[in-house]
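Numbering of ligands and ligand atoms starts at 1, following listing order.
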Amino acid sequence: MKKINIITTIFIILIISCMFSCSPAPGYAQPSLTSAETDDLIYVGFVQVGAESDWRIANTKSMKETFTEVKGYKFEMFDAQQNTQKQITALRDFILKDVDYLVLAPNTEAGWDTVLGEAKEAGIPVIIVDRMIKTNDDSLFTAWVGSDFKQQGYDAVTVLERILEKRGIADQEVNIVTLQGNLGSTAQIGRTEGFAEKLSEHPNWNMLDRQSGDFTQERGQEVMDLFLKTYPDIDVVISENDNMAFGAINAIEAAGKTCGPNGDIIIVSFDGVRAAFEAMIEGKIDACVECNPLHGPRVESIIQALERGEKVEKFVFVKESVFYAEDAASLIDSRDY
Ligand code: GYE
């Protein structure tokens, strides 16, 4: 009898102590995997630019949907609010956490050598996604996947040529303004330079002004508002992303003007997100140069190849196209973002 009592007491103590030590502290989710299982996961630290645009939100979603625990990943993302310095700090944090892979969507191109050198020293492969970095040392990253932004700039010129021809004004003087993305980012540099290069082939195209709207709707609207006040005769807006184009539409309408295929001002935008297709259907944007944000599976296939010990391609460019307002209604249902 005494023996049974002792066993029962030990058992109760064990249960009570387990209730305290095994239950998570308030605010923390109970881990769904045991630590042995967590050790098997591939730990991916993703340093994202921010949440400035529909494109970016679709990009984040693609990454989160790809790198799930069910598929064998431990995924952590840092949102740097379009701040390169914050991205550098976040990379250092992930290096300290000893992630298996660093995935970096760089905000701007310059200034990465030191921190990526630290990642290399720690033996952590770096995959760069979307925009590029400027470096003389290609060994600082394993692979890059993203868009050919300069090509997108060229494509915007081809699109504008076609629109002007269709309106029967290809030979007339046209006044253009550009809403640029955040300065120093590859998406801005490529689009601005690509467009500028081909602009010289059109002596009747006047680039009145270029200013950054930071890829956001709010800033796009402010800059467009300023352009409209400064230049009374704007024919074309080149908007280096859709969200700034949405801001531009607001500013144009607030100024009592119209835009789109039947409007006073032509708008050519970059990205081609769903809301831009809606704006094309509403007749407010003339055309979009596509930029595909669905990089999650692309980054995953690089990581999987590295896991298998294979050599990967250093640069992978995504194939993209252009969309005109007249085709938007028939295409919108097939859009994934
Ligand atoms: O065009 C813009 C976003 O880097 C391609 O960043 C990306 C750009 C995209 O904010 O909408």
Side-chain angles (χ1 to χ4, degrees), residues 46-63 77 79-84 86-87 103-110 112 127-134 144-156 159 178-195 210 212-221 223-224 237-249 267-279 285 287-296 298-299 315-323 335-337:
F46 175 41
V47 178
Q48 176 61 296
V49 167
E52 73 283 3
S53 65
D54 288 23
W55 187 99
R56 187 66 53 195
I57 287 158
N59 178 246
T60 293
K61 187 165 171 262
S62 169
M63 296 292 284
M77 188 191 96
D79 174 340
Q81 298 165 312
Q82 289 186 284
N83 181 318
T84 307
K86 282 188 183 172
Q87 291 197 303
V103 180
L104 168 65
N107 182 44
T108 43
E109 290 192 341
W112 297 100
I127 296 157
I128 299 179
V129 65
D130 169 22
R131 304 172 185 174
M132 236 321 195
I133 62 163
K134 205 192 281 160
W144 170 87
V145 59
S147 301
D148 186 340
F149 297 110
K150 199 160 195 189
Q151 182 60 48
Q152 292 178 358
Y154 297 152
D155 290 345
V159 162
T178 301
L179 296 168
Q180 295 174 290
N182 71 308
L183 301 179
S185 68
T186 318
Q188 175 273 313
I189 296 169
R191 290 166 184 170
T192 300
E193 287 185 0
F195 195 90
R210 296 185 185 100
S212 174
D214 286 335
F215 283 130
T216 68
Q217 174 164 341
E218 202 187 0
R219 283 289 299 141
Q221 183 162 342
V223 176
M224 190 63 213
V237 177
I238 302 296
S239 178
E240 288 182 2
N241 86 342
D242 288 336
N243 291 77
M244 293 189 295
F246 306 149
I249 294 168
I267 300 187
V268 176
S269 177
F270 293 82
D271 284 354
V273 297
R274 181 169 294 272
F277 270 74
E278 283 159 6
I285 291 181
C288 289
V289 176
E290 182 187 23
C291 184
N292 188 308
L294 307 180
H295 292 316
R298 298 182 187 117
V299 175
F315 297 95
V316 178
F317 287 93
V318 178
K319 221 180 138 345
E320 288 158 340
S321 134
V322 297
F323 307 111
R335 306 298 300 152
D336 288 328
Y337 53 91

Is it true that S147 and E320 share a donor-acceptor pair across their side chains at a distance under 3.5 Å?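 S147 and E320 do have a side-chain donor-acceptor pair below 3.5 Å.
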
- Between N243 and D54, do the side chains contain an N or O donor and an N or O acceptor separated by less than 3.5 Å? yes

message: Run the side-chain hydrogen bond (donor to acceptor under 3.5 Å, both in side chains) test on T186 and E109 for me, step by step, so that the C-alpha distance in whole Å, both residues' side-chain angles and the decisive distance to 0.1 Å come before the verdict.
response: CA-CA 6 Å; T186 318; E109 290 192 341; 2.8 Å; yes

I'd like the atom pairs linking ligand 1 to the protein - N or O on both sides, separation under 3.5 Å - with distances to 0.1 Å.
unit_1, atom_1, unit_2, atom_2, d
ligand 1, 1 (O), R191, NH1, 2.8
ligand 1, 1 (O), R191, NH2, 3.2
ligand 1, 1 (O), D271, OD1, 2.6
ligand 1, 1 (O), D271, OD2, 3.4
ligand 1, 4 (O), R56, NH2, 3.3
ligand 1, 4 (O), D130, OD1, 2.8
ligand 1, 4 (O), D130, OD2, 3.0
ligand 1, 4 (O), R131, NE, 2.7
ligand 1, 4 (O), R131, NH2, 3.4
ligand 1, 6 (O), R56, NH2, 3.1
ligand 1, 6 (O), R131, NH2, 2.8
ligand 1, 10 (O), E52, OE2, 2.5
ligand 1, 10 (O), S53, OG, 3.0
ligand 1, 11 (O), S53, OG, 3.1
ligand 1, 11 (O), N241, ND2, 2.8
ligand 1, 11 (O), D271, OD2, 2.6

Could you measure the distance from the CG atom of N241 to the CZ atom of R191? Nearest 0.5 Å is fine.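 It is 7.0 Å, given to the nearest 0.5 Å.
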
query: Would you find more than 12 non-hydrogen atoms of other residues, nucleotides or ligands less than 6.0 Å from E218 atom CD?
result: no

| Any side-chain heavy atom of T84 sitting closer than 4.5 Å to one from W112? |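 The answer is yes, as the side chains (C-beta and beyond) meet within the 4.5 Å cut-off.
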
